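To start, the structure itself, in structure tokens.
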Number of protein chains: 2
Amino acid sequence: MPDTTLTEAKKKPSRIQLRNRSVILEAALEVFSQHGYRGATLDQIATTAGISKPNILYYFDGKEAIHVTLLSHLMETWLDPLRQMNGDGEPLAELLGYINRKLDMARDLPRESRLFANEILQGAPRMGPHLQADLKPLFDEKCALIQEWMDAGKLAQVDPQHLIFSIWATTQHYADFDAQVAVLLDGNPAHEDAAAYLANLFTKLLSP
Amino acid sequence: MPDTTLTEAKKKPSRIQLRNRSVILEAALEVFSQHGYRGATLDQIATTAGISKPNILYYFDGKEAIHVTLLSHLMETWLDPLRQMNGDGEPLAELLGYINRKLDMARDLPRESRLFANEILQGAPRMGPHLQADLKPLFDEKCALIQEWMDAGKLAQVDPQHLIFSIWATTQHYADFDAQVAVLLDGNPAHEDAAAYLANLFTKLLSP
DNA sequence: TTTATTTTTTACCATTTGGTAAAGCTACGA
DNA sequence: TCGTAGCTTTACCAAATGGTAAAAAATAAA
């Protein structure tokens, strides 16, 4: 017999609650992704969100709670491209599709990419459990799938783990190191050329 | 007629000065690379260095000055591997040698890699000029060299700029994202396998 | 040894930061 | 329309942070 007064009574959140929570999270994403956890301040988030600091603390239990919420939400969308890599499809096409989706995410969600990068760079102090619980199983599963493809002769034999690392590294690079890329490419957008380059790179690597 | 009283009289630094400066920079590297610029505190640096905070400010003009000094020093060693890539050698061997040196640096100098990554991630606010002045010319020069090699038929034709990006991304990944790599590889050291994987990856890409 | 110089410590300070208490305001159902 | 629950603001606070002044200690020069 569930008791809604003792268990965390999470009634349905009001319209205002829904709106303000998302406004705060949007602002927090902006600030955290730019300065990292310790470099971000509640005042910055408050100003960016257009909501007073005490009011922000009415909606979230504290700075860390905002950050954790952000990372949890992120984890879902972040792993989607990898989840979509399907065992039923044509192996090389599946992998190239995955690479393209990752590259699109780097272009469309650079703040999310940097938020993630900041957290990992600093040793994943607030995300270690998430990595173990969410990322690791998916990673292992997809490594096994890739290994199957290779054993079936559909792909050249390479280390699946390092293959995935190199896909992550090369795609996220364009979001995380954008400040450097922009200087070196004189501000020209990199996406098209990057997509072509990476398709060629991994096609040559993986063609059986 | 040089006037040592008006120009910044930089006499030869004493033994004590030399030692303490380097102790402070070593501690600062540790702290900055772990928490980023804004996340690091002078107190942390002072404790790590075993030198009182006011004494640290006797040797450096402030927090920012320490950080800038660190980044300047880093820039030199950081670009060495790329500088060593010589136009006289065998093209593929030169590139594979460069990749190996970069991977070795990721293993041997992970703090330096993270310091750099932190700075770029946050938009290179204190390093933009350095990138333009030091990195950009070297980058352009080596891109031109690689293009020559390709035009001479010594390497397969790929975009030299994105080639270098992918080399940076894949090698530095093992330092910058170590927290993630360690979880996914169950703590097993990655270096050997990574070296073999990357040699294969770029050999297949670049063999003419 | 005495003097001049460099190095280190002690005792502060102003600002920033995450966070709270409590009063005031608003919206919404009865 | 009135009361109440939900939302927002005002006015704070304690701790942390970058930084300073000046005295004390150590070192080097005479």
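What you see is a predicted model, and the numbers here were worked out from it, not measured in a lab. Chain A is the first sequence line, chain B the second, and so forth, proteins listed ahead of strands; every chain is numbered from 1.
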State whether [X] places a side-chain N or O below 4.0 Å from either non-bridging phosphate oxygen (OP1 or OP2) of [N].
{"X": "Q17(B)", "N": "dT7(C)", "value": "yes"}
{"X": "S52(A)", "N": "dT8(D)", "value": "no"}
{"X": "N55(B)", "N": "dT10(C)", "value": "no"}
{"X": "Y58(B)", "N": "dT20(D)", "value": "no"}

Open item on the list: Looking at E26(A) and R111(A), is any side-chain nitrogen of the basic one under 4.0 Å from a carboxylate oxygen of the acidic one?
Closed with: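 Salt bridge between R111(A) and E26(A), a charged N being under 4.0 Å from a carboxylate O: yes.
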TODO: Map D43(B) and R19(A) onto DNA chain D by nearest heavy atom, then report which one ends up closer to the 5' terminus.
DONE: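 Closer to the 5' end of DNA chain D: R19(A).
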Please report, rounded to the nearest Å, how far the [atom2] atom of [N] is from the [atom1] atom of [X].
{"X": "I56(B)", "N": "dG18(D)", "atom1": "CD1", "atom2": "P", "result": "11 Å"}
{"X": "I51(A)", "N": "dC7(D)", "atom1": "CD1", "atom2": "P", "result": "12 Å"}
{"X": "N20(B)", "N": "dT6(C)", "atom1": "CG", "atom2": "P", "result": "15 Å"}
{"X": "R38(B)", "N": "dG18(D)", "atom1": "CZ", "atom2": "C1'", "result": "13 Å"}
{"X": "L18(B)", "N": "dT27(D)", "atom1": "CG", "atom2": "P", "result": "17 Å"}
{"X": "F60(B)", "N": "dG19(D)", "atom1": "CZ", "atom2": "C1'", "result": "16 Å"}
{"X": "K63(A)", "N": "dG19(C)", "atom1": "NZ", "atom2": "P", "result": "8 Å"}
{"X": "L57(A)", "N": "dC12(D)", "atom1": "CG", "atom2": "P", "result": "19 Å"}

For a quick check of understanding: with a heavy-atom distance under 4.0 Å over all strands, which category does [X] fall into, base, sugar-phosphate or nothing?
{"X": "A65(B)", "value": "nothing"}
{"X": "A46(A)", "value": "nothing"}
{"X": "Y59(A)", "value": "sugar-phosphate"}
{"X": "L42(B)", "value": "sugar-phosphate"}

- [ ] Using a 4.5 Å cut-off on heavy atoms from C-beta on, say whether the side chain of Y59(B) contacts that of Q17(B).
- [x] yes
Task: Pair Y197(A)-D159(B), side-chain donor/acceptor within less than 3.5 Å - done: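 No donor-acceptor contact under 3.5 Å links the two side chains.
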Open item on the list: Can you identify which nucleotide, out of dG18(C), dT20(D), dA11(D), has its nearest atom closest to the P54(A) side chain?
Closed with: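 The answer is dA11(D).
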Task: Minimum heavy-atom distance between A199(B) and L96(B), given as atom pair plus value - done: O-CD2, 4.0 Å
Open item on the list: Ignoring hydrogens and geometry beyond distance, is the side chain of K53(B) in donor-acceptor contact with the base of dG18(D) at under 3.5 Å?
Closed with: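 For K53(B), whose side chain was compared with the base of dG18(D), there is a donor-acceptor pair (under 3.5 Å).
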Open item on the list: Less than 6.0 angstrom from the centroid, inside 45 degrees of the normal: does K63(B) satisfy that with respect to the ring of Y37(B)?
Closed with: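 Yes; both conditions hold, so K63(B) lies above the ring face of Y37(B).
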